[in-house]
Structures are given as structure tokens and as C-alpha cells.
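Quantities reported herein were computed from a predicted structural model and do not represent experimental measurements. Lettering of chains follows the sequences in order, A, B, ..., and the numbering in each one begins at 1.
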Amino acid sequence: MCMVAATTFAIRVLTRTQKAPNPEIQVRVRQLHSAVIYSDDVVDAHHLFDDTYERDSHGFNSLLFQYTRENQRWEALNLYTHIHRSGLPINGSTLSCVLKTCGALSHRSMGKQVHSVCVKSGFQGDVSVGTSLVDMYMKIENVVDGMRVFELMGDKNVVSWTSLLCGYTKNGMNDRAVALFRRMLGMGVEPNAFTFATILGALRADGAFIVERGTQVHGLVIKNGLNSNTTVGNSLINMYFKVGKSGSARAIFDSMDEKNSVTWNGMVSGYISSGCDSEALEIFSQMRAEGVSLTQGTFASTIKLCGNIRNLSFVRQLHGRLLKCGFEFGDGIKTALLVSYCKCNDMDSAVTGFFMMHGDRDVISWTALITGYLQNGRGDRAVDLFRQMYTEGVSPNSFTYSVILTAHPFVSPSVVHAQVIKTSHDRLSTVGTALLDTYFKQGNPDAATKVFDSILEKDIVSWSAVLAGYAQIGDSGRAIKVFIKLGREGSTRPNEYTFSSIINACARPASGAEQGKQLHGCSIKAGFSYALVVSSALVTMYAKRGNIENANKVFQRQRERDSISWNSMISGYAQHGDGKKALEIFEEMRSQNVPMDAVTFIGVITACTHAGLVVEGEMYFNMMVEDHNIKPMDEHYSCMVDLYSRAGMLKKAMEVIRGMPFPAGVTSWLSILAGCRAHRNLELGKVAAERLTSLQPDNSAAYVLLSNIYAALGNWNERRRVRRMMDERNVKKEAGLSWIEVKHKIHIFLAGDVSHPLTDQIYMKLDQLQSRLRDIGYRPDTNHVLHDVEEEHKEAILSQHSERLALAFGLISTTPEVPLHIMKNLRVCGDCHNVFKIVSEIEGRDIVVRDSNRFHHFKGGFCSCGDYW
DNA sequence: ATAGGGTTAG
């Protein structure tokens, strides 16, 4: 400290602490202060001073008070040691000051020592000393002693209560804080502004009652007449943002008479963290208009804001203003700028800024730049930088590892795994979550599960990630188990992402419909059913489970919608072959100016395909390219190929394939081949089959479809040749598998299956159906039999198809009003399709069949697909 | 000042 500053300081000491400065003391304090500053040994300086002058505790204690105020902690501690050792008189203020310092420095041994001095000197009973002790213990994370001192205090005032309260929140004990607050109110202690600020901060968004509690506390604030207090108002704003009620935060803000920079910053950053970028921008402009001076904090949040809204010119403007204002350009601001440039996809500026940081480049700015490259789709550059950072001697931290693990396919999870084990980051929930997600994406669910189990404190993100992983691989069984375990452990509550993942896992074909409904119920109870990610997942789940009515109900009840909600509903109707409804939803989406993306058009064109709306399909494809500037992807072209193929317009379909900017993939050729099968086009069928077998030699579909064409044309020799080819190349036809859920249990059937306990009854029912069908003139379409056998045998084969066994079982094990839901892993057989139509009429049953391709709703002798499939 | 999980498709 320079001379000028030292003098200023001494003068401040005297003018603040003494009403009528004693000139003698004035001199002493000044000399003492100089001695403290210029001597290497502070204690010696005090002694020197002590020997020369008469002892005067007032001077010392004033100085201690000042040191404490100015956060000169070590000076304060040394001075106290001196006062104590030299036996100078000590008062309550002395003790409070030194206790505060012990807390701030987390000096445990000194804190204990001062506590015993408090007891010996009898000052423990003093309210302010007692309160300081509580505060000190809570700050050194010794909660037990803090509570003990508090309970032993005879006199307590609002500050004592608030100190303990504050201590609880600092130690993460929010439930205790809430309980203490209640107890305090029960004792009739009137909270002050600081109490309210503390309790409002304790209400973290981790419980279901958070909103209620927050609102109750708000009521008390009003009752206590503190609603116009700026500090309390600021806390209320933060609390409301935290619980997701930005409207209430805004109301508080509007009602505040006196706003300070904390208020404004709270609004800007609150809106930003709630994703309300335009509102944040509005507050920012209002702030500028009212001439509120910008603080460093404002700059930090505003820079973040303009990154979030991807407004590059705004970033540049702020950058320029910062340079002009001559603000202290701290690392924080520099990194914030770097992040914003990355978000605006201006990697050149980001890199320039980064390299201008020279010596200031730390792990944070490195990580920010790596993240930037990943966001810009340059995983390769990100990995290069990660290595470079290493060679420059900067060690990655947990953030860096979390980020770099998302750089698939450029990182190998096992390599990074070894590294994080070495650096002891592996059991952190953040790193562990990124790691397990990478293992899942790499197709290694067992490694992912192991990582999940090894995470020490699993937070809700880890739980949701593992559920999402099981959903990706379609393992609804493990997903449900984990979800139940999460509920039992009770340490973290599921959030909207958790529900979206588990619902998604149960949208898979292999899971029961009941589970989906139960999860819907759970999400309502937990209060998340209206969250966008949850309701969209529900729409998809119901649609995939065959319940398109419920899907639509959820969709209609959505409080807010984004492109994904609309896309989900359109795709749902498309899968069910309800082209009309799908197009209605699409037109409604268009009239509401909801932005459309590539997936929207996949849904719409698929809907046209399933409904045979060729002209409409063409129109939407053109609309996508011309009106929405969406570049068609492989998926769009294969949708068009499918549209034409199903309609028998194979020439047109081939034109699409030829016109595609890239070679057609498996999906397109499969559509062609299926079209050739339906429309008996052998020549093109051969070409398609050849392409398919060269693209995917072990895909059985190509062989099966080709042999079907030969079978349909009665060319049994060629058909046998194809079968032999399959055997030679060791290609196995996927076994047909159907299943049905009855009373929460799933029953699975193979063709000709005799393993079910009710086999006898099932086959009896089948025989009975068969004769009734024959009576009304049904003749089996033996074209669908792939084997070269006698006609009679063919009929037998048809009547034992897996979907028919499932149907018979469904009919005998449920009452007539129950609609049957049957699933099949392959496409439903054409003859079975006819049978299902008739059965729906003669048995008076609604039957829904989901095959590998779409849904069929059988009712009163007709199918929703109109036999177009 | 930097981080991890989620919803739509055939």
C-alpha cells in the first residue's frame, strides 16, 4: 500500500470511530497503522508501539473494527492476537470482529480458540457475540456447533435467527432453513429484509412445493411491509425466476419504486436463464433508455444474451463499447465474448480473441473455444485443440472432459475413460453422464451401465441420460427398472427430461401399452405433463402404441407447441395412414406460421404415401424446396420413391433415384422392390434386388421380396434359386413374430407356435374361424405363401401365421368390447389382412395391427388403410 | 467466464 492510501485509511479510522478525536490517539493510530504496513513483522510493530505509548484499548479496537470492515483479514487477526496476548481489555465488539474474520478465512482453530475466550470472559451471553459465534461456526462448515451455540443463547434477536438461517443455506441445508424460518415465525420474531433475502435464496427449484412456499413468503413480505425494500424485491425477482415464474418476477420488478443495478441485472440474467431472450433484450434497452449505468455484471449478462440470440452485430457493438468505456477487461469478460462469438458462428473472431489472450489463456477459455468448435460441427478441430491444450501444459478440468466426450465420432469413450480415471474425474456426475452417453451412442450399453453405477452422487441429469440410453436401444425393461429405482431412492426428483426419456422408452414396440398410460399418469401427478418435451413424447408414445385418439387428445391439450409437437402429430397420423388428418394438422400448422423443418415434410410426404395421394405428395415436396428453402435430404428422396412405388408409378420412382444428388440408399431400393412385388415388375425388381444385395449382403428383405415376385409369377425354379442363394450366403430370413398385450402381460407368437399354455383353445378358435370364413365365401390368397407346396398345405401355413395366432388368443381371452392391439415385427401378410377385415365384422371387434411399416385399424369389415399399403 | 441428459422420421 502506498503512503497516500495509508494516510487516507488512517484518517478514515479516526473520523469514523471517534466523535471527538483525541489528537494523541489520532497520532498513535496513524503511527500504528504505518508500523503495521511497513514492518515485516506485524506483531513486533505492535510491541514497538506498545512500549512507546500508553496502552489505549480504544485505539486498538477501533483499528480492529476498521480492518474487519475493510476485509483486511490477516491484519485483523494479527492485531487481535496482539491485543489478546498483551492482556488489553477486550469487549464484545472485539470478539464479534475477530469471529467474523475467522469465519471469512475459514480459520477453524482460531475460531475455536476465540470461542473459549468468549466463554471465559463471559461475553458468550451477549447477543451479538453469540450471533457472531453462530455465524462463524456456520461459515467454517461446523453446523453442529453452530446449532449448539444458537440453542444455548439466552437472548436471540432477528439477526441471530437470520445468521443460523443463512448458515443453513450456505451449507446446502435448505429444508432445515425452511423449518427454522417457520419456527422463527412461530416464536413471533419479525423477519427483516435480510431474513427475507436469505429465505428466498434458500427456496431452490428442487421440490414440488417450491412455488407455494415462494408465494407464501411473498405474502409475508407484504404483511411485514417490506415489499418496497429494494433488497427484498431483488430476492423475490430471483426466486420467481428460479421457480420458472418469470411473469411474477416481472410484476415485482414493475412495482419496485427504487431499482438498483442488482435489480436490473437480476431481470436481464433471469430472463436469459429462462430462455426469454427477447424480454431480456427489452429490459436491457429500457435500462439504457433510463440511463442506468452499465456495470461489469451487466456487460457479462448482456454479452451472454447476444450470444444466445445469435446476434453477431450486437456482440460486435458491445465489444466495441467495452473497448471505448475502458472497463477493466477481466478474463471473465474476455471469455464471455469468446463464447458469444462462437455461438454466432464467428469462429474467426473467437480464435482471434483467444490468441490475443496470450498468458491469460486458462482451462476455462480453452474449454470455451473447444465447446465453440463442437457447436459449429467441428468435432475434429475440437479434438485437435484438446490435444494442443494438453501439450501447452494446461490440464483439462471436469468441464473440458464433459465437453470433449460429446465429440463423437472423433473420440473413443474408452480412451477418454482411462484419462478421467487417472485424473479422478470419472465418478463425477457431469463427466460420468457424458461418458455413459458416449458409450450408449457407440453401442456399448453395458459399459454405459457400469459408468452410471459408479457415479458417486447421481443427479437427475445422470438418471435421465441412462433412461434415454435405454430408450435409444429400445430396452424398455431396463428403463422401467431404473425409473422405479429412481423413485425409491428419492434423492432426486424426476424432471421433464426424465419423463420424456422414460415415455420415449415405452413408445418402443416391445413394451406394453399400459405402461405408457401409467407413465402419463405419473407425469400428471408430478406436474410435468404439460411440459413441451413431455407432451410431445406422449403424443408420439400414444401414436406408436396404436392409440391415435389419445395422441390427438394430448396434442389438443398442449398449452404451448413448437415445431416438434406439430411434427409428432403429423407423423402419428401418417403412420396410421390417416392422410386427411395429417394434412389438416399440417395446414393448421402452416396457417399459424409455425416454422417447418425437414422432419415436417418427411411426415407430410409419408402421410401422402400411405394415403395414395401422389399429386399432393409432389406438391408438398415442391413446397418444401421452393417456399421453405429446405434442401431435400436422403430421407425426402426415399419418401418420394416410396410415394411413386406404392402407387405403381415405378418409372417416376426411378426418375427420382436418378435425379438424386447422391446414390440411392437401402430405403429407396427397398421401396422400389416392394413396388415391383406389388405390381409384379420382374425386370426392375431384379435390378433393385441386385443393388440391395450389394449394399447390404445380409439383408434378407431383398431375397424375400424377389422370391415373392417369382412366386407370384409362378416361376418356382427361379424362386428356388433365390432361396439357395440365401442359404449359400448364409442369409437368414427374419422370423415373423407377433405379440399382444392382455391384462398387462405380453404374449408372443411365432408362426405355427404351439408353446402357449392355451394352444389348444387358440387352434380351436382358428378352426372355428376358418370354417365360418369359408361359409361366407372367403378363399385364401395363397400368393402370400413363399413355399412351393400343395395348395392345401399353403392354406394351413397361412392360417397359422403369427398374427393370426395372436388374434385368436386375443379373441378368446377378452370380452367383445375390448379392442385388440396386435404388433408384428414384419409387414402383415396380405391374406391375414383380408382375414382380419372379415373377422372385425363377423366378431364385431375393433382390431389394431401395428406392423413394421404402419398401423391398420380394422373395423366393420374395413381397414383404415383402404387396402393401399 | 467454461460442462453432461430430452422430444419429431422411414
Side-chain angles (χ1 to χ4, degrees), chain A residues 296 299-301 303-304 307 330-340 342 360 362-372 374 396-406 425 428-438 440 452 455 458-469 471-472 495-505 507 531-541 543-544 562-572 574-575 596-606 609-610 633-636 638-639 641-642 665-668 670-671 852-854:
Chain A
Q296 184 118 1
F299 268 115
S301 28
I303 290 168
K304 199 173 168 185
D331 286 358
I333 295 281
K334 283 182 199 164
T335 313
L337 268 170
L338 188 149
V339 169
S340 287
C342 288
D360 299 335
D362 58 5
V363 61
I364 298 177
S365 41
W366 275 102
T367 308
L369 191 65
I370 291 171
T371 309
L374 278 165
N397 63 14
S398 65
F399 285 65
T400 326
Y401 283 121
S402 306
V403 165
I404 203 65
L405 277 163
T406 67
H425 286 106
L428 283 176
S429 69
T430 49
V431 179
T433 304
L435 193 54
L436 74 88
D437 188 52
T438 313
F440 269 122
F452 176 72
I455 297 174
K458 302 175 183 68
D459 62 11
I460 196 57
V461 181
S462 332
W463 286 94
S464 306
V466 80
L467 288 173
Q472 275 165 37
N495 63 18
E496 61 269 43
Y497 297 128
T498 324
F499 276 105
S500 117
S501 297
I502 186 70
I503 291 168
N504 184 29
L532 202 50
V533 289
V534 177
S535 52
S536 293
L538 283 169
V539 170
T540 307
M541 185 273 291
K544 286 198 172 156
D562 62 1
S563 307
I564 292 175
S565 325
W566 290 91
N567 291 354
S568 307
M569 198 62 240
I570 293 171
S571 303
Q575 281 163 12
M596 294 173 173
D597 59 20
V599 180
T600 316
F601 286 94
I602 293 175
V604 172
I605 300 170
T606 312
T609 303
H610 286 308
M633 304 186 301
D634 185 23
E635 285 89 338
H636 297 103
S638 42
C639 279
V641 172
D642 202 29
V666 173
T667 323
S668 297
L670 265 177
S671 297
S852 59
N853 193 34
R854 58 170 293 162

Student: Would you please name every residue forming a ring-ring contact (aromatic ring centres under 6.0 Å, His included) with Tyr497(A), sequence neighbours left out?
Tutor: none

Student: Between dT2(B), dA9(B), dG4(B), which nucleotide gets closest to the side-chain atoms of Glu635(A)?
Tutor: dA9(B)

Student: Out of dG4(B), dT7(B), dG5(B), which has the shortest distance to the side chain of Ala434(A)?
Tutor: dG4(B)

Student: Can you find a donor-acceptor pair, distance only, under 3.5 Å between Ser464(A) side chain and dG5(B) base?
Tutor: yes

Student: Could you check how far CD1 of Ile460(A) sits from P of dA3(B), rounded to whole Å?
Tutor: 21 Å

Student: For the pair made of CE in Met596(A) and P in dA9(B), what is the distance, rounded to whole Å?
Tutor: 16 Å

Student: Over all strands shown, is Ser500(A) touching base, sugar-phosphate only, or nothing at heavy-atom distances under 4.0 angstrom?
Tutor: sugar-phosphate

Student: The side chain of Thr406(A) is closest to which nucleotide in this list: dT8(B), dT2(B), dG5(B)?
Tutor: dG5(B)

Student: Closest heavy-atom contact between Thr433(A) and Ile455(A)?
Tutor: N-CD1, 4.0 Å

Student: Could you check how far CZ of Phe601(A) sits from P of dG10(B), rounded to whole Å?
Tutor: 15 Å

Student: Side chain of Ala465(A) only, please: which of dG5(B), dT2(B), dA9(B) is the nearest?
Tutor: dG5(B)

Student: Among dG5(B), dA1(B), dA9(B), find the nucleotide with the atom closest to the side chain of Thr335(A).
Tutor: dA1(B)

Student: Please evaluate the base of dG4(B) for a donor-acceptor partner in the side chain of Asp459(A) within a cut-off of under 3.5 Å?
Tutor: yes

Student: Have Ser464(A) and Thr498(A) got a donor and an acceptor in their side chains that come within less than 3.5 Å?
Tutor: yes

Student: Base, sugar-phosphate, or nothing: which does Val403(A) touch, judged by heavy atoms less than 4.0 Å apart?
Tutor: sugar-phosphate

Student: Under 4.0 Å between any heavy atoms, over every strand shown, what does Ser365(A) touch: base, sugar-phosphate, or nothing? Just pick one.
Tutor: nothing

Student: Considering only dA9(B), dG4(B), dT2(B), which nucleotide approaches the side chain of Ile364(A) most closely?
Tutor: dT2(B)

Student: Find the distance Asn567(A):CG to dT8(B):P and express it as a whole number of Å.
Tutor: 10 Å

Student: Check whether more than 12 heavy atoms from other residues, nucleotides or ligands sit under 6.0 Å from atom NZ of Lys304(A), and answer yes or no.
Tutor: no

Student: Students often get this wrong, so: under 4.0 angstrom with heavy atoms, is Ser568(A) touching a base, only sugar-phosphate, or nothing?
Tutor: sugar-phosphate

Student: Indicate, with a heavy-atom threshold strictly under 4.0 Å, whether Thr667(A) touches base, sugar-phosphate, or nothing.
Tutor: nothing

Student: Regarding Asp459(A) and Ser429(A), do their side chains bring together a donor and an acceptor under 3.5 Å, going by distance alone?
Tutor: yes

Student: Among dT7(B), dG5(B), dT2(B), which nucleotide has an atom closest to any side-chain atom of Asn397(A)?
Tutor: dT2(B)

Student: When all nucleic acid strands are considered with a 4.0 Å heavy-atom cut-off, which category describes Asn495(A): base, sugar-phosphate, or nothing?
Tutor: base

Student: Measure from the side-chain heavy atoms of Ile564(A) and tell me the nearest of dT8(B), dA1(B), dG5(B).
Tutor: dT8(B)

Student: Between atom CE in Met633(A) and atom C1' in dG10(B), what is the gap in whole Å?
Tutor: 11 Å

Student: What I want to check is whether an N or O donor and acceptor connect the side chain of Thr433(A) with the base of dG4(B) at under 3.5 Å.
Tutor: yes

Student: Without hydrogens or angle criteria, can the side chains of Ser568(A) and Ser536(A) be said to hold a donor-acceptor pair below 3.5 Å?
Tutor: no

Student: Could you check whether Glu496(A) gets within reach of a base, just the sugar-phosphate, or nothing at all, counting any heavy atom under 4.0 Å?
Tutor: nothing

Student: dT7(B) P sits how many Å from Gln472(A) CD, rounded?
Tutor: 7 Å

Student: Please report the distance, rounded to the nearest Å, between CG in Leu436(A) and P in dG5(B).
Tutor: 9 Å

Student: Holding to ring-ring contact (aromatic ring centres under 6.0 Å, His included), I want the full list of residues that pass it with His636(A), two or more places apart in sequence or in another chain.
Tutor: none

Student: Under 4.0 angstrom, heavy atoms only, what part of the nucleic acid is Ser429(A) near: base, sugar-phosphate, or nothing?
Tutor: base

Student: Among the nucleotides dA3(B), dG5(B), dA1(B), which one has an atom lying closest to any side-chain atom of Thr498(A)?
Tutor: dG5(B)

Student: Counting side-chain heavy atoms from CB outward, which of dG5(B), dG10(B), dA1(B) is closest to Thr606(A)?
Tutor: dG10(B)

Student: Let me know the distance between CD1 of Ile602(A) and C1' of dT8(B), rounded to the nearest Å.
Tutor: 9 Å

